[in-house]
Amino acid sequence: MNKVTLRLAHLYPDYLNLYGDRGNVLALKHRSVGRGLGFETVPVGLGEHFDPDDFDLFFIGGGQDSAQKVLIEDFLHDKGPQLKEAILTGLPGLAICGGYQLLGKGYKSSSGEWIEGLGVIDAVTEAGSYRFTGDLFCESPLLREKGLDPMLIGFENHAGRTRLGPGVQPLGKVIKGMGNNGEDQSEGAVVHHLFATYMHGSLLPKNPDLTDTLIELAYYRRYPDGEKLPDLDKSWEERARRERLSKLKN
Ligand code: GLN
């Protein structure tokens, strides 16, 4: 079989890229290539054409309220409708913080302005009076069910408090930090193969099991009968995890 190349759409990289979000794309590439796949990243910016059928997965990072406002028209009208359709038919993706809020129903910013969202996640966000900043660790039942390490390790910095609708599955349960709203211990959301989270940091370099999950979802969506992908060493990632997890004891 010819080498399979996964194609990733990186949405609005010039506007949504906080606290090392781009590292998520690098981690996806690193582990895809290490597992025998090709990997191509295509930046998709404001005003640029976007057809999700051209891609195997997508990434959208976090940003300030002002950045969310700049791109919202383009997102809701030019890219969002086809992205929503693709997510609902299983396109895998990762959305961080501001990107997560844009995929929800909307966000009432600190200035009181309502920023409409795509509504693919039944979630509403409202800015609180202070920011949630610091380590954010959560346990994901989804990873546990797959026999993977359930602990996700990241960093949060957001004003938004997100409430999930009744049927929405959180990505995980908060172990340290605030997560979606600081009250119900929920963190992030999962809709089909979309993983949305408040975890910056970068997230994926420290969470190789989630990285591999995204890669496998993308690969088997395109090649349902594809050969099993080889395993890849993750000892460096494990070292980074151990260092961060030592904070749990402090
Ligand atoms: N503007 C959003 C908030 O403060 C998102 C911030 C971010 O992406 N880090 O809630």
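Because only heavy atoms are used, hydrogens play no part in the values below, and waters and symmetry mates are left out as well, while side chains stay in. Atoms within a ligand are numbered from 1 in the order they appear, just like the ligands themselves.
- With T162 as reference, Y198 is the one residue of Y100, Y107, Y198 to meet the side-chain hydrogen bond (donor to acceptor under 3.5 Å, both in side chains) rule.
- Remark: the N24 side chain and the S202 side chain contain no N/O donor-acceptor pair separated by less than 3.5 Å.
- Residues lining ligand 1 at a heavy-atom distance below 4.0 Å are given as L18, G62, G63, Q64, D65, Q68, C97, G98, Q101, Y107, R131, N157, H158, A159, G160, H200, ordered by chain and residue number.
- Under the 30°/60° scheme for interplanar angles, the aromatic rings of F59 and H10 are found to stand perpendicular.
- Looking only at atom types and distance, the side chain of D56 has no donor-acceptor partner in the side chain of Y219 under 3.5 Å away.
- Residues E156 and T133 have side chains that never bring a donor and an acceptor to within less than 3.5 angstrom of each other.
- Checked by atom type, the side-chain pair N157/R131 shows a donor-acceptor distance below 3.5 Å.
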